[in-house]
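The structure appears right after this line, and notes come after that.
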Amino acid sequence: MSYATGSIKNICVAGHGGTGKTTLFERLLFAGGAIPKAETVESGKTTGDSSPEEIERKISIHAALAHIIRNDQKINIFDTPGSSDFIGDVIPAFRAAEFALLTADARAGIQIETIKLWRNLEGRKKPRGIFIGKMDDERADFQKTLADFKEKFKADPVVLTMPIGSGPGYKGVIDTLNEKAYLVPGEGLEKEGPIPEDYREAAAAARERLIEAAAEGDETLMEHYINNGSLSPEEMRLGLVKALAAGAYIPAFAGAALKNSGVLPLLDFFAGVCPGPVDAQDVLVDSEGRQRSIPLDPDKPLAALVIKTSYDQFSGKLSWVKVVSGKLCADSEAMNVSENKKERIGKLYTCQGKKLEEIRELAAGDVGILAKSPGLKTNDTLSAGETALRFLPLRLPEPVHAVAVNAAQKKDDDKLGEFLVRAAEEDRTFRYSYNTETKETVISGMGELQVNIILDRIKQNQKIEVETHVPRVAYRETITKKAGAEYTHKKQTGGHGQYGRVTLEIAPLGRGENYRFTNAIFGGAISKGYIPGVEKGVLEGMANGVMAGYPVVDVEVKVVDGKEHPVDSSELAFKLAARNAFRESMRQAAPSLLEPVMNLTVFVEEKYLGDVMSGLSGKRGRILGQDSVGGIVEIRAQVPQAELLRYSIDLRSITSGTGSFNMEFDHYAPIAGRIAEDVIKAAQAFRVQESEE
Ligand SMILES: Nc1nc2c(ncn2[C@@H]2O[C@H](COP(=O)(O)OP(=O)(O)OP(=O)(O)O)[C@@H](O)[C@H]2O)c(=O)[nH]1
Ligand SMILES: [Mg+2]
């Protein structure tokens, strides 16, 4: 069955690891009648954590999508992983949802991943709320968590559900909008009841704030409120809908999902108050990068975005799509704008976790799954006809942790390659590449956990034995002064001989200028026709420097003189002469090693600042600055890449798993002394090993 754009909601549940997202997701599905029984994460049977690696580790690794039908609306809900290693599965859900609910553990306050996710949502101007869960736990403190929230986000949430007691005395929640209590059930669904006497005052105060938030959403409501001092329940709801779509307030909820508590009023909020596709706009860009906002309109031509790709044991490749405009029909055709070719649209599904249900069409605003469209990949735009308009790709961070891998047995190379292609399709933060320079396949991701899970899948599911090691750094070589040399390549072997003489002058260039080649010969010592051969020889010489065999950069090369033979000269002879002339010149030009230096941004809680700073100075890092926003300190530094190869592991241990970082290449910088000696020694060892293989 197809749902109209106005009857669809897309909600994303996100937040710090272990705050109870998958449990809440499960209980929402149960309360909404989508599943007959609610399972615990520990049982390994939840709708959210259904892959073998999730069941084994009892954490979420992949985004899960399910839906509830409530008041004739289809409420799509995403459960997302909390560990920062799996941000690649959170971003697609943020992209597709019109509302995000962040979970907090009432015992722990607002934790670092939640802060980072909050910032990400803020950047997207996405309406969002907060669910303070685990209220049944002994150490739960709703007010303290709320206060922590206020301090970190400089915002005062509007309480939609407040807890009745906490810990062993926790009894349920009060729905301040509908003025009733929901009591913790023995089993089954929570029961409605009157607001307990001693909570009436607090509930009334919370309701006052709700009325104000609602009135702020709409001018006529505000007038009505000023004149009458109150709003009817329906007026309130409408005001809250508008104000939330505009991001004017932040709703806060309490509950204990594991006890099925605080779930029903949340569901009613999703159905009744949350913004949906009709309240949102999306953005398309044309071939010149100009952006155009479009409403989510079912009556316009089709425009849909592939937000995620996954592989199912039975159905093969699955493409998750958000339809933004028009409708997507099963057994049809659409234009894949990104590839500029027609795509057959086969079967369409809606899903409850990994359970797929076939449907005929998806209207604008809906999210569903397309099977058997092998040509589709994440970020592709589907369109009704030919157009240059496409969606902006998902904004994902760059990988920070890399490992070099190779199949222990040559015969497994292809199988390993195929697996890596698929893994990188499934999670866009996971990358693999073959580095021709260091001759390694390097896989990289957001942290050790993500990379290790991929390695486990290679070993356990694919049964491929692999060897891993720390990736080699791509050093460079350069020169520090001017020099020059002459080289004559001369060979007499029977018939034709080989002859070419080249004199080069080389000089340092500015960092990043890489290479400049000039023919400065006057008078035809070398004919023009041989100069390309000379340049080839120079480039070959530059491919392997004289210090440790790394590529040579930032050198100006001038051909100043030479000599040719009327019969024996050839392009090859000049190439060989030039290569050697370059090597010789380089030896005399005070060569130096360069190492890549990264721009690093570290995000840590204030209490770890000192340890992280001293860690960085031990890594030859240069601190550029620091900022503190909402309880997280952002440290900016420049650090040699060689010192960062295992930084995701180091930082985890310094910060008990809470710190994270971004990095990108910035520049090459010279190294000398012991550090350079070690690099040269390691390169020699590598070469010996290579020649033995
Ligand atoms: N006491 C109590 N425990 C809860 C509640 N909700 C979840 N838990 C427990 O908290 C732990 C983590 O729950 P999950 O639902 O897996 O948390 P999550 O946020 O999905 O975790 P990740 O996906 O790994 O980030 C599990 O042991 C749950 O049983 C609750 O309301 N009360
Ligand atoms: Mg989870």
Side-chain angles (χ1 to χ4, degrees), residues 11-31 35 38-51 53-66 77-90 93 100-117 130-142 145 161 163-173 182-185 187 190 253-266 353-354 427 446-447 449-450 453 657-658 660:
I11 313 268
C12 170
V13 181
H16 195 90
T19 45
K21 298 174 290 297
T22 302
T23 307
L24 178 62
F25 180 69
E26 184 81 1
R27 304 300 159 139
L28 281 164
L29 296 179
F30 174 63
I35 53 173
E39 303 284 357
T40 62
V41 169
E42 280 71 20
S43 76
K45 292 183 191 155
T46 59
T47 313
D49 292 350
S50 61
S51 69
E53 59 263 27
E54 290 174 315
I55 294 167
E56 186 192 323
R57 290 180 172 78
K58 310 214 180 333
I59 57 164
S60 302
I61 293 169
H62 312 286
L65 172 63
I77 309 178
F78 290 92
D79 174 29
T80 61
S83 160
S84 61
D85 281 38
F86 310 117
I87 185 76
D89 260 47
V90 184
L101 184 72
L102 284 141
T103 51
D105 184 328
R107 306 172 300 188
I110 309 298
Q111 291 159 287
I112 189 157
E113 285 317 316
T114 304
I115 302 177
K116 281 189 250 165
L117 294 168
I130 179 107
F131 179 83
I132 299 175
K134 305 197 188 182
M135 280 308 304
D136 59 319
D137 188 275
E138 235 167 311
R139 287 158 297 161
D141 191 331
F142 183 75
T145 309
T161 58
I164 307 170
S166 70
Y170 175 71
K171 302 232 162 39
V173 297
Y182 284 88
L183 303 175
V184 176
E187 59 181 295
E190 49 201 318
F253 304 86
L258 195 59
K259 296 258 181 333
N260 287 312
S261 171
V263 178
L264 272 178
L266 190 57
K354 65 176 175 187
D427 185 340
M446 301 314 300
L449 181 60
Q450 184 194 13
I453 286 171
T658 61
S660 66

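Counting starts at 1 for both ligands and their atoms, in listed order. Each residue takes its place number in the sequence, starting with 1.
The distance cut-off of 2.8 Å around the Mg ion (ligand 2) captures these protein N, O or S atoms, sorted by chain and number: T22 OG1, S60 OG.
The salt bridge (Lys or Arg N to Asp or Glu O under 4.0 Å) search around D427 returns none, not counting sequence neighbours. By the salt bridge (Lys or Arg N to Asp or Glu O under 4.0 Å) test, K171 pairs with no residue at all, sequence neighbours left out.
A side-chain contact (heavy atoms from CB on, under 4.5 Å) with Y182 is found for exactly one of V263, T161, V173, I164, namely V173.
Rounding to the nearest 0.5 angstrom, the gap separating the CZ atom in F253 from the CZ atom in F142 is 10.0 Å. Note that CG of L29 is 12.0 Å distant from CD of E39, once rounded to the nearest 0.5 Å.
When side chains are defined from C-beta on, D49 counts as touching S60, because their heavy atoms get closer than 4.5 Å. Side-chain contact between V184 and N260 is absent, with no heavy-atom pair separated by less than 4.5 Å.
Taking 4.0 Å as the cut-off between side-chain N and carboxylate O, K21 and D79 do not count as a salt-bridged pair.
If you look at ligand 1, the protein residues with a non-hydrogen atom under 4.0 Å away are G17, G18, T19, G20, K21, T22, T23, V41, E42, I59, S60, G82, K134, D136, A256, A257, L258.
Contact detail for S50 and E54: the closest heavy-atom pair is N-OE1, 3.1 Å.
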